[in-house]
Every structure is written in structure tokens, then in C-alpha cells.
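Everything below concerns the one structure shown next.
Residue numbers begin at 1 in each chain, while the letters A, B, ... track the order of the sequences.
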Amino acid sequence: MKIVVTVKQVPDTNAEKVFDSTTNRLNRTSIENVLNPFDEYAIEEALKIKEGAGDGSTVTVLTMAPESGREVIRKALAMGADDAAILSDPAFQGSDAMATSYALAQALKHIGFDLILAGTQSTDAICCAIPAALAEHLGVSCLTYARKVTVAGGEVEIQRDIEGGYARVTAPLPAVVSVVKGINEPRYPSLKGIMGAKKKSIEVLSAAAVGAEAGRVGDAGSFTRVQGWAAAPAREKGRVIKAADPGEGAKAIVDFLIAKKVI
Amino acid sequence: MDFDLTAEQLDVVSMCREFAESEIAPNAERWDAQSEFPLETIKKLGELGLLGLPFPEKYGGSGADTLTYALAVMEIGRCDASVGITMAAHVSLGAMPFYLFGSEEQKERFLVPLARGEKLWAFGLTEPQAGSDAGATKTRAELRDDRWTINGTKCFITNAGTPISGGVTITAVTGEGDGRRPEISNLIVPQATAGYVQAKPYKKMGWRASDTRELTFENAAVPEDHLLGPRGRGLKQFLDILDGGRISVGALSVGLAQACFDAAARYAKERHQFGQPISKFQAIKFSLVDMATELELARSAVLKAAWLKDNGRDFATAAAMAKLYSGELSRRCANAAVQIHGGYGFMDEYAVSRYWRDCKINEIGEGTNEIQRMVIARQLGL
Ligand SMILES: Cc1cc2nc3c(=O)[nH]c(=O)nc-3n(C[C@H](O)[C@H](O)[C@H](O)COP(=O)(O)OP(=O)(O)OC[C@H]3O[C@@H](n4cnc5c(N)ncnc54)[C@H](O)[C@@H]3O)c2cc1C
């Protein structure tokens, strides 16, 4: 079975983000890029499925990124993925979720797959759209928010996270599955993994190589436009409730929470 | 000159940082307070390949270089000096003698499980009467009926009695020598040897989560093939090991000094007095600047020594200088970090109080400051 994990490089979650006021794009050069933390769960799940199957299944990592995306790819390879592909082409610049999913789908057709695993979202854009959009482009089933994944007999079964429990969902392969944070505990890349990663192949794919049409990627292929941006408003000062009687204090807190619809 | 780290070195740094920050740092205070040896965490270091980092893959190691090893020790030591020394003592004092001086058979038998991190190994040089004067060893080993029978005491031995300690390699007097100096050899003493007596762990000021014990050998007999390297070369071999060990204590010191700087810089920006963050006061600012500047120098010195070793150059002087400078720097940084914390720095809840206790050993272990100066003076022809 060929498992492909789609991953994204994102700005370090703790870094202060700055937007370019002319392009309305995030300035990525000044901040450290990391592997999208949600994708680490997808990689770990893919490795577990591969190791569990023990049948020569492989894990390929796919990302759309500038050449600097190699760094995050290296981490995935060091964790144990077999090989990787980077979709890298100036034509992809400015792609939104739809354009990105199209390009990724083209790449997936190019490299082949039985099972596609993805994180539910990225920490920078948080659209949560890619898994479903990929499945749509590829014409395969989409199983989202998996908190458990089992593959057997050409079928994938997941426990889909829903409020208060889970739904059991199955689909025939090939399929796209997005996994939730906490489905597993992503491993640290071992020293051997890190040292071995440089021997693994990273295929660089251009728009032409995967047959992506110019009008469907980049700015031209994007359905959405960032119109403007603003810094998040500073958090308001907390309110201190002073009460002589603890009962009254508790009641004031409960009233406040009810008014805020928290409880 | 190329100061860029390779892709692998950068990746090892991020892995170690991530691991240390999530698995070690949150527990460091508790391990220290309870003098608890963090067995599970040490095993994880082994699984990640960190306990066999600089040894070739064919001996169960990870095949990385000394520079990568120094970077890894810095990152681990930054979060917990005790875990740092457990790793460093195991790699550069415990396992390294097998790699450098062991026969192929000894490497297979002893080095492989150590490099894989299945067992820890100790280095027994120091004795109650032989500290800086390591050649004054009193421990004796006599070859009788194809066995070395060992009698003596080693003190302050790191990793001597953890649940996964496999044994110790020691220096022992094995003959009369040239009349002026006795013949000293290295012997491999597995923990299971009858007559291998490990004392209770010492109660220590710092490095409290690391295992340090006295070992006594009471007619402890090991097979003749447990001689490591040629007979009579024991002291020289151990002094060579210490040259390399100084790179790791230097790295450990840099890690600790970095932790001191990070904590002090963070606190100085948060703490307000006289209506502003104390970081705005020139005295505090300059103190932080001095730390950062000296840290840069210390890190460069340690990495240079590692680079020299990796490139087969003479590195003994560079390693002694790096160890001396970084060790003293870690003490200066710990002192400054506590000072910047004021009274809070004197409290156990603040990590800097632990750093202050942990830093001192960097000026004593693997050769005191005075001994480093003597080593350097000799190299300078003084
Ligand atoms: C926590 C810990 C872990 C350790 N782990 C190990 C280990 O794993 N294996 C091991 O073999 N040892 C280990 N040691 C021992 C350590 O290496 C020695 O403590 C150190 O070498 C100093 O020896 P000493 O304590 O006997 O001091 P001494 O040699 O008695 O020194 C006392 C003082 O005299 C000074 N001095 C001595 N000679 C001279 C001189 N010629 N000129 C000027 N000054 C001099 C010293 O610098 C020092 O200031 C460890 C020690 C500690 C505290």
C-alpha cells in the first residue's frame, strides 16, 4: 500500500507574524518555518499503519512549498517516511486552499496513492478545507476528523470525532483521511533517522511536471482574496469580583458565565 | 572558515531541543528535589540514539561526529544538567574507552549494548587518595589463574549504580613498573562481578538527579581478557579519554550558561521595579550583555575543539581551554542569573537556584580549573 501524507510548512507557532502590506501575504522570510504540528499526527499515523502492515507498504510525504520546504520534509523523512516530493514552482505563489488542493491533487495523480493522510488543519491559515477538496479533485472518499484509523482488506475504517462520542465510518481505498490532534503521540526523529534522511529521495515537481494548468493555480486559480488584515485586538483586562461572602462571589461568577453563554 | 552547521546537525539540534523541552524540562525541578534518577527518560535518550551518538553504526551507534555530539549535550544540558552529565559521562567516559582501545571482540561485546543505550557504563579513575593526582591510584589487580583479582576503592563515580548500569572500567596498579611509577592498566569490571560493591548514592549539592557512588572491589575477579588496551597503558589511555571528555563538560557548561541567560533575560523583562522592567536598568542590561557575549565565545571554543577532534587534529589544548572557560562562565552566569532574580532566585521554585547549585561541579569534574590550567601551561611550554 502506498500511503501519502500531505504536509505543510508553517511559521513557528510562537513567532510574531508580520504581513506584507502590498501583497497582503504573510512575510515568511523573517520567521522560522516548522512542520505544521497537526501534520505530525498524520505522519505518525501513516508510519504506524505501515509498521503494523509490515507488508512493504511505503510512506511518501508531499508538500507544496518553496525549496526551503526541504527542512520540514527532512523532519518527516527523519521520523521514518520513505521518500518525499515537493511541489515547487513560482506559478504556485499566492495559491489559496482551492488552488493548493488542485495542485496537490495533480501531484498525487502523478506519484500515485492508496491512502492519503492529512492533518485536520494548518496552524497558519486554519481553513480545514484541504482534505475534503483533495478528495473531491481526486474523486475518492473523504473521511475527516479521525481519532482512530484501521486499514484492512482494501478498506479504511475510522472513528470520526463528534461531540460526545464518535461515529464509525468506512470507505474503500483509495481514500483521503484527516486525523485529529491527539490520535497518537508523534515520535521524535531518532539520530539514525536524521542521519539516514539525507539518503532518501526528495523529488522536486514543477507545475508542468504534474500537468497543473496555469489558470488553476496561484493567484489566478484562487477563489479567495485577502482584502486586508489587522492585528488581533489586545485582550481586555480581566474582571475581579470582590465579594465579602463566598456564596455571593460564586453567584456573581456563575451569572457572568451564563451571560457569556459559557454555561 | 565555515560556521554553518550541516542539515543533519541542525536537525539533531531541533530534535534534542524539542525532546528536552517537552520531556526533560518540565520534570527537572522534581527530579532534583527528590534526587531521582530519571530512568525512563534516559532509556528514551537511548532509543533516540543519543547514548551512542558518536559511534559508528556497526557498533550500534548513530554515526554522528563530535560536533553534533557537543551540540546535543548543550541542548540536553540546557534543560537539565543531571540528564546532561548522565548522557555525557556514559558516552565520552563510559563507552568511548571501548571504542578507542577495545579489541574487536570487546567492542562487539561491550560497546554495542552501550551505544544502543541498553546499558550505561562508568569510568573509574578517582580514588579517595587519588583525585587530581590520578596516577596515585591504590587499587590493585593481580593476575592469578587467568583472572585479575581486584582490590580497592573508587569514589565519585558517575552512572555506577543506576538500574541499567552494566559496570565500570577502572585504572588499577597491575605491576611494579619502572620503579619510579607503578604499572597502571585499565580493567573492565561488570557489575555482576562478585566483590563489586556499590555504596548508596552520595548526597550532592548539584547534579542531584545523576547517579554518583563509591565503588569498592573486594577480591573482585574478572577474566584475563577484561584488560582494556595494552597492559601498562591505563593511565595514558584514561588521560586521552579525559581530553575528549572535556569537550562534553564544556558543552554541558555552555548549555547551563545558556539556561541561566534565558531565565535571567525573561525575568528581567517581566519584573518591574521603580515603575519599569528591571531590564531597562543599565546594570541589569550590561550583566545580560556580558553573559550573552561570553556565551558566544564559550560556544565557539567548545565547537572548535570538537571540530579539531573530528578533523583528526590535536585538540587537547583547545578542549582544556574550552572546558576551563565554559566551566567558569557557567558559574559566572549562574551567579548573575540569581542576582537578577533577587530574592526569588534564592527560592527553590526558581530554576536559577538549581543552576546555581549545578554550575559548581563544572569547575571540578573531569579535571579542576587548576588542573586545566596546568594542562594548558604544559602545552604552552610553561
Ligand atoms: C559529581 C561528581 C561526579 C564525578 N564523576 C566521576 C567519574 O565518573 N569518574 C571519575 O573517575 N571521577 C569522577 N569524579 C571525580 C572528579 O574528577 C574529581 O573530584 C576531581 O578530579 C578532583 O579530584 P579531588 O576531588 O580528589 O580533588 P583534589 O585533587 O584533592 O583537589 C583539591 C583541590 O586542590 C587542587 N589541586 C590539586 N592538585 C593541584 C596542583 N598540583 N596544583 C594546584 N592545585 C591543585 C584542586 O584543583 C582542588 O582545587 C566526579 C566528581 C564529582 C563531584
Side-chain angles (χ1 to χ4, degrees), chain A residues 7 9-16 31-41 43-44 47-48 51 61 63 65-81 83-84 86 123 181-182 184-202 204, chain B residues 4-25 40-41 43-73 75-76 79 87 90-91 95 112 114-118 262 266:
Chain A
V7 305
Q9 79 167 3
V10 296
D12 187 352
T13 345
N14 301 318
E16 202 175 311
I31 25 186
E32 203 187 328
N33 290 308
V34 297
L35 177 60
N36 175 32
F38 287 90
D39 298 343
E40 294 193 12
Y41 299 100
I43 296 167
E44 177 65 35
L47 295 173
K48 282 170 97 169
E51 288 158 2
V61 186
T63 190
E67 279 281 303
S68 63
R70 274 178 187 277
E71 276 171 45
V72 305
I73 285 288
R74 274 209 320 265
K75 177 163 187 189
L77 292 175
M79 284 171 77
D83 55 13
I86 304 186
T123 53
K181 181 176 170 178
N184 52 39
E185 215 177 294
R187 66 195 68 186
Y188 295 94
S190 72
L191 253 293
K192 278 204 183 84
I194 292 172
M195 305 304 285
K198 68 176 159 203
K199 291 176 217 134
K200 294 179 177 172
S201 115
I202 301 179
V204 181
Chain B
D4 276 329
L5 298 180
T6 64
E8 287 79 38
Q9 287 162 345
L10 287 169
D11 289 348
V12 171
V13 170
S14 12
M15 182 273 276
C16 289
R17 186 170 296 171
E18 227 177 281
F19 179 80
E21 283 176 358
S22 33
E23 314 256 336
I24 297 177
E40 291 311 313
T41 306
K43 284 187 184 162
K44 282 188 196 165
L45 290 182
E47 285 159 20
L48 290 171
L50 289 165
L51 297 180
L53 200 147
F55 306 113
E57 285 181 37
K58 74 166 175 168
Y59 299 125
S62 305
D65 54 15
T66 313
L67 195 88
T68 310
Y69 169 62
L71 292 164
V73 172
E75 288 304 326
I76 304 292
C79 288
M87 166 180 166
H90 166 76
V91 173
V112 171
L114 302 184
R116 289 201 187 127
E118 294 158 7
D262 293 344
R266 204 179 321 114

Would you compute the distance between atom [atom1] of [X] and atom [atom2] of [Y] and round it to the nearest 0.5 angstrom?
X: S14(B); Y: E71(A); atom1: OG; atom2: CD; result: 8.5 Å
X: E40(A); Y: E18(B); atom1: CD; atom2: CD; result: 6.0 Å
X: K75(A); Y: M15(B); atom1: NZ; atom2: CE; result: 10.0 Å

T68(B), V12(B), L10(B) screened by side-chain contact (heavy atoms from CB on, under 4.5 Å) with I194(A), the one that passes: V12(B)

Non-neighbouring partners of E57(B) that pass side chain to side chain donor-acceptor pair (under 3.5 Å), sequence neighbours left out: none

Quick one: closest heavy-atom pair of [X] and [Y], and the distance?
X: G49(B); Y: L191(A); value: O-CG, 3.9 Å
X: E47(B); Y: S190(A); value: O-CB, 4.3 Å
X: L48(B); Y: P189(A); value: CD2-O, 3.9 Å

Atom NZ of K48(A): over 12 foreign heavy atoms under 6.0 Å: yes

Ring pair (Phe, Tyr, Trp, His ring centres under 6.0 Å) involving Y188(A) - partner list, sequence neighbours excluded: F19(B)

